[in-house]
Amino acid sequence: MRVSRGPSEGYVRSRVPRGFHLEVARSIQRALASKVVEEDLVNIDNVDLVSGVDVAYINHGDVEIGVSVASTYSLSNSSIIEWSCWVGPVTFPYVPTLLSFRELKPVVNAYLRLRTKPQVVLIDGHGRAHPYRLGIASHFGVCMRIPTIGVAKSLLYGKVDRVEGPILDVGTNEVIGWAIRCAPGKPTYVSVGYGVSLGSAVNLIKRLCVGSQMPIPILHSHNMANNLKRRITKKLMSEKSIEELDSECRSSMRDYL
DNA sequence: GCGACAG
DNA sequence: ATCTTGTCGC
């Protein structure tokens, strides 16, 4: 049985930047969480285009650079039909329960660069399976008003009793997500992001996790982000601005299309 | 007291 | 997530 009550507020506060108001952040999370729709805004069975977003990081001296990629998979074509990328500075640190304050900008920017918008977006991280019910997948969905699903490799908050089954809130026993097993020994945690029911979310993720812990769209974005990261790391020594690197990455996409 | 804790 | 050497296997 896997259980996580999430990090204590004291721990979170100790890791937050100077001048950052945690109380305000929590109010924002509670407010946006109340806007989450947990019903299907689209018929999942008829969905064709599903995007997945992932972010890789580069430590460049005292600056951290984020490399985000959004990939769109067509279920009818069984292939990736488009992908986009974004390169830029990331200043907020990783703090459990505040992931969206760090990754939302890279994720949104990569998503906005997709020429064809998908019907559903998959985000690596949790959605409602979050102590304030607003993981990055829900945060993204509420802001962009598009159906989203949170897909994570480990638990942030909640308890799971079976290899496959519900993720329950430790305090209220409310179902906040679902654990599935698509890869041997490795669980995949699915939770509602926005505009989709948990049942539909689980069905869609199962269709997209082909022998892997992660669904195809996120897997592709993950690989592309790391490819770009490798290229960029070499060029970083040759005094180039982040803007130039971003521009070069957008152009280099054509090599793959 | 020790460990927990998306990416 | 990232850092990081050698090592195992196709």
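Labels below follow one simple rule: chain letters A, B, ... track the order of the sequence lines, proteins then strands, and each chain is numbered from 1. As a basis for the values below, the full set of heavy atoms in this structure was taken, side chains included, without hydrogen atoms, waters or symmetry mates.
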Has [X] got a side-chain N or O lying under 4.0 Å from the OP1 or OP2 atom of [N]?
X      : N     : result
A/S4   : B/dC5 : yes
A/K229 : C/dA1 : no
A/K153 : B/dG7 : yes
A/S154 : B/dG7 : yes

Going by centres under 5.5 angstrom and planes under 30 degrees, do the aromatic ring of A/Y57 and the base ring of C/dA1 stack?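 No.
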[X], nearest nucleotide to its side chain (from [options]):
X      : options             : result
A/R102 : B/dC5, B/dG7, B/dA6 : B/dG7
A/D54  : B/dC5, B/dG7, C/dT2 : B/dG7
A/N59  : B/dG7, C/dT2, B/dC5 : C/dT2
A/I136 : B/dC5, B/dA6, C/dC3 : B/dA6
A/A152 : C/dT2, B/dC5, B/dA6 : B/dA6
A/H222 : B/dG7, C/dA1, B/dC5 : C/dA1
A/R2   : B/dA6, C/dC3, B/dA4 : B/dA4
A/H130 : C/dC3, C/dA1, B/dA6 : B/dA6

Contact class for A/A56 vs. all strands (heavy atom < 4.0 Å): base, sugar-phosphate, or nothing?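 Counting heavy atoms under 4.0 Å across all strands, the contact made by A/A56 is with sugar-phosphate only.
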NZ or CZ of A/R2 within 45° of A/Y189 ring axis and under 6.0 Å: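 The answer is no; the distance or angle limit is not met.
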Within the structure provided, determine whether A/S252 and A/L228 are in side-chain contact (heavy-atom separation under 4.5 Å).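 Side chain of A/S252 against side chain of A/L228, heavy atoms only: contact under 4.5 Å found.
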Would you indicate whether the side-chain heavy atoms of A/F140 and A/E103 approach each other to under 4.5 Å?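 Result no, sub-4.5 Å side-chain heavy-atom pair not found.
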Taking A/S68 for the side chain and A/V55 for the main chain, is one N or O donor matched with an acceptor at less than 3.5 Å?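 Not a single qualifying donor-acceptor pair exists.
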Point-to-point distance, once rounded to the nearest 0.5 Å, from SG of A/C209 to CD1 of A/I180: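 So the SG of A/C209 and the CD1 of A/I180 are separated by 5.0 Å.
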